[in-house]
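Indexing begins at 1, ligand by ligand and atom by atom, following the structure's order. The model shown is predicted, which means the values in this text are computed figures rather than measured ones.
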Amino acid sequence: MTPRYACKVTPKPELFENEELSMETSALVEDFKRYYGVYLAQDKGSASGHYLFHALALTIRDRLFSRMKQTKHAYAASQCKHAYYLSMEFLMGRAMGNAALNLNLNKNIAEAMHKLGIDFEELVQQEHDAGLGNGGLGRLAACFIDSCATLQLPVTGYGIRYEYGMFQQGINNGRQIEMPDHWLRDGNPWELERPEFTQRVKFGGHTEYQRNLDGSLSVIWVNTNDVLAVPYDIPVPGYQNGTVNKLRLWKSAATDEFNLEDFNAGSYTEAVAAKNEAENISMVLYPNDASENGKELRLRQQYFLASASLQDILDYWITAHGNDFSDFANKNCFQLNDTHPTVAVAELMRLLMDEHQLDWESAWQITSNTMAYTNHTLLPEALERWPVNLFSRLLPRILEIIYEINARFLSEVASHWPGDKERLARLSIIEEGHQQQVRMAHLAIVGSFSVNGVAALHSELLKKGLFSDFYALWPEKFNNKTNGVTQRRWMAWCNPALSSLISDKIGDAWLTDLTQLRQLEPLATDPAFQAQWHAAKRANKQRLSALVEEACGVQFNPDALFDIQVKRIHEYKRQLLNILHVIHLYDRIKRGDTQDMVKRCVLFGGKAAPGYAMAKDIIKLINNVANVVNNDLDVGDMLKVVFLPNYQVSAMEVICPAADLSEQISTAGKEASGTGNMKFMMNGAITIGTLDGANIEILEEVGDENFFLFGLTEQEVNDMRHHYQPREIIAADNDLMRVVNLLESGHFNQFEPGCFDNVINAFTSPHDPWMTVADFRSYIDAQAQVDIAYHDKKRWLTMSILNSANSGKFSTDRTMTEYNQDIWKLPQINPSDFASS
Ligand SMILES: *Cc1c(COP(=O)(O)O)cnc(C)c1O
């Protein structure tokens with residue numbers, strides 16, 4: 001690329017002196033006033049929250065970027081190994097509160113704002129969520145990079161700077177409506193554009209062979225339609241340790257080249273307008289969670305991320321090492337967040353061979369020793385496959401390389417299992433058939449030295465089921481890394497009431513070592529501590545009640561049991577089972593059977609993929625049931641039900657501290673891990689759950705007296721499938737029969753006949769993959785145990801405290817430590833050891 005940003009001046013060293021910015025309240029006041037009055041040019045006529053928020057964000061940002069530079073210098077000076085987390089999603093949420101906490105600025109900022117008559121908490125609410133992800137997978141990436149910075153690990157995140165993030169969800173007449181999320185409209189003060197690191201990404205064209213001077217052949221990929229990738233850097237602060245890592249997000253931009261035919265034909269404006277196609281690549285996040293829909297633009301996004309990121313990393317390598325790649329695999333590692341960025345395997349081969357003249361063997365040595373793959377799902381509909389003809393049109397050179405990887409791989413398979421044609425076909429990266437497809441998971445496994453699942457059960461099921469052939473071939477590649485969440489955001493920031501209580505008792509070491517919470521165990525039955533614990537929980541329940549009242553117009557009683565299920569709406573997560581229980585409670589109240597029943601407030605939240613009709617019907621059902629229940633005078637405040645619209649990170653920050661009961665009720669064997677379950681546990685909610693994903697490990701940590709277990713096991717689910725007769729189960733269970741009768745009689749859709757037929761048909765079908773009816777009785781019985789436990793306030797508080805006390809395993813600090821020990825093998829680098837002069 002022409003050195004567009006090169007410049008002939010040579011500044012004096014004093015320009016680069018990195019003066020430490022003061023963290024004192026007075027300095028914050030000064031900076032804030034300067035940003036507000038000078039940089040943003042505001043005066044007393046214009047006190048809008050927007051400018052106040054930006055002035056404070058810029059004040060904080062200065063302190064982040066100065067540490068980010070120091071961290072970068074330390075990594076460069078130490079010449080350490082570096083890992084790159086490649087992910088199509090980073091569900092970051094809001095940044096301000098987290099930055100203030102991690103820079104230890106909370107108190108001084110609140111003071112500085114108070115001096116100016118501004119409420120810090122109010123300003124925090126001004127920030128728009130960075131919703132660059134669908135759900136668990138994207139939020140995991142955000143928690144991972146937080147923990148890496150806290151552990152002082154040299155890890156950089158790479159993703160896409162979508163112009164439109166996850167859609168905003170509204171509810172109209174009980175149905176989901178989607179609205180675009182133009183989150184950048186008011187500017188993003190946390191990012192820094194780095195146009196000088198722009199990369200060029202190729203699409204289309206064809207390949208040609210070229211004879212080199214030494215007689216060897218090389219491939220050139222020509223006649224391409226190129227797209228520019230412009231990086232934006234976002235600081236990722238560690239917890240009060242001087243480290244600020246980097247999240248680099250790519251935005252697509254058109255090249256300056258014209259379509260000369262159009263241009264010469266006089267269509268200047270048409271030629272410029274045609275550039276839209278390039279700009280479209282980073283326009284919008286695909287809103288499908290755990291399902292793929294094979295759209296061309298999605299494959300463009302994946303290659304765009306992989307190619308831009310790898311070129312960036314190779315450029316950085318070459319700056320220090322020239323064209324010597326002999327040590328590259330010792331100093332670099334790429335973690336692929338699901339198969340989404342897996343085209344990186346072939347792209348790294350292409351860059352090393354076509355751009356840097358390595359031979360196949362050397363390039364493969366490097367690639368297969370630097371790539372590591374994380375699988376996130378066992379659902380077949382989520383396994384990515386791309387049509388070969390789409391690949392050959394969009395990425396012809398990449399497809400050639402995939403074919404060659406496959407040919408060499410299949411010959412290894414053939415020598416391992418001579419004559420086993422079926423196994424060859426099962427393992428092939430290319431799926432044969434009516435339309436040939438590239439199996440991205442196979443490419444990921446073949447190209448990686450590590451393959452991990454995200455909870456113990458999930459990793460076992462991968463080895464036994466989906467990837468059993470690969471496991472037989474390469475058992476050493478397979479490992480488990482149970483997910484986690486960061487306790488900085490999910491306790492310290494979002495639950496100050498509980499956090500200060502905990503720190504008062506055991507100190508604040510738990511912020512970077514969550515196993516410290518175990519010190520709370522002896523306090524679990526202490527009446528004084530229980531009273532304080534209860535007061536914190538109750539205040540959090542009041543905070544959530546205010547949100548519910550404002551959004552739904554329904555009053556939650558803070559003394560009732562808060563029963564919460566928030567997560568993407570998906571049949572496997574079984575929001576349907578939960579609403580069947582709600583209908584059962586309603587039925588019991590109506591027939592006067594309220595013995596042992598506690599007052600309950602049931603909250604649902606979550607987005608449905610816009611094309612997922614069944615998930616949208618389930619939202620409609622929840623809303624219709626809520627409507628009937630909340631307006632029935634017989635029910636009163638025994639039972640309240642709401643669907644809180646637009647579930648997102650900032651909503652979860654209010655929800656999880658207020659939960660009593662955490663609903664984790666997926667069909668066993670379907671939820672890879674779950675991370676919502678961990679946020680709830682940390683904040684003292686008790687789980688009602690199946691033996692699925694990380695629930696199993698939660699149960700192991702907390703013990704079965706402190707967990708409401710129900711439902712079939714994964715094995716039992718699969719055994720029952722062959723003879724599953726939901727109608728017989730319904731006929732044999734009077735409570736369930738009454739629930740189904742209410743639904744079938746149209747009790748919840750009096751003026752909308754037939755509107756739940758699809759839902760009813762689905763869960764009463766012998767082919768229902770999610771086996772909802774099979775778990776009904778066991779779920780209802782477990783819920784009755786919940787009521788009994790909640791009646792006993794002391795018992796409940798003990799359980800609540802013990803859940804929090806035993807949640808230490810579920811910190812991403814533990815997860816990242818394991819990734820590092822087993823996969824990345826990075827040193828911890830403290831920037832202050834490399835302080836630049
Ligand atoms: C934690 C979280 C998730 C993941 O929830 P699961 O219950 O694990 O599916 C999804 N979305 C948001 C906004 C979250 O904070």
Side-chain angles (χ1 to χ4, degrees), residues 89-94 97-98 128-144 146 165-169 181 183 285 287-291 337-338 376-379 382 454-455 457-458 482-491 493-495 547 564-575 577-578 603-609 615 644-659 661-667 670-683 685 687-690 692-698 807 810-812 815:
E89 305 186 12
F90 285 91
L91 188 48
M92 301 297 284
R94 291 173 175 157
N98 189 249
H128 197 99
D129 275 43
L132 308 185
N134 272 280
L137 175 147
R139 183 55 230 175
L140 185 76
C143 285
F144 275 15
D146 176 276
M166 190 60 207
F167 66 81
Q168 303 269 322
Q169 179 192 56
D181 171 49
W183 71 292
L285 167 75
N288 305 311
D289 185 63
S291 82
N337 197 20
D338 213 318
H376 283 271
T377 176
L378 297 157
L379 300 180
V454 289
L457 173 72
H458 172 231
T482 298
N483 282 166
V485 302
T486 167
Q487 69 268 34
R488 268 80 60 188
R489 179 177 295 265
W490 295 115
M491 292 183 76
W493 169 248
C494 75
N495 196 348
L547 183 72
I564 299 185
Q565 186 173 22
V566 287
K567 47 184 73 245
R568 287 300 291 257
I569 310 294
H570 202 294
E571 286 165 282
Y572 86 80
K573 292 178 182 276
R574 295 201 300 194
Q575 282 88 1
L577 181 58
N578 189 346
L603 184 145
F604 291 87
K607 293 172 184 175
L644 184 72
N646 205 35
Y647 175 56
Q648 55 181 347
V649 170
S650 58
M652 186 55 155
E653 289 170 3
V654 181
I655 293 168
C656 70
L661 187 65
S662 159
E663 298 270 356
Q664 307 301 337
I665 60 178
S666 52
T667 312
K670 299 300 175 188
E671 185 75 89
S673 163
T675 51
N677 46 4
M678 301 168 183
K679 299 168 201 164
F680 284 116
M681 181 196 196
M682 281 178 193
N683 286 282
T687 305
I688 182 164
T690 48
D692 201 15
N695 294 354
I696 296 172
E697 290 157 78
I698 288 176
S807 65
F810 304 106
S811 167
T812 33
T815 312

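Near ligand 1, G135, G136, W490, V566, K567, K573, Y647, Q648, V649, M652, G674, T675, G676, K679 each place a heavy atom less than 4.0 angstrom from the ligand.
E89 and G133 get closest at one heavy-atom pair: OE1-CA, 3.3 Å.
Salt bridge status for D146 with R489: absent, with no side-chain N to carboxylate O gap under 4.0 Å.
Formation of a donor-acceptor pair under 3.5 Å by the Q487 side chain with backbone atoms of F810 is not found in this model.
Exactly one residue among N134, D289, I569, N646 makes a side chain to side chain contact (heavy atoms under 4.5 Å, CB included) with K607. That residue is N646.
Here Q565 pairs with N578 under the side-chain hydrogen bond (donor to acceptor under 3.5 Å, both in side chains) rule; sequence neighbours left out.
Atoms NZ and CD, from K567 and E671 in turn, are 5.5 Å apart once rounded to the nearest 0.5 Å.
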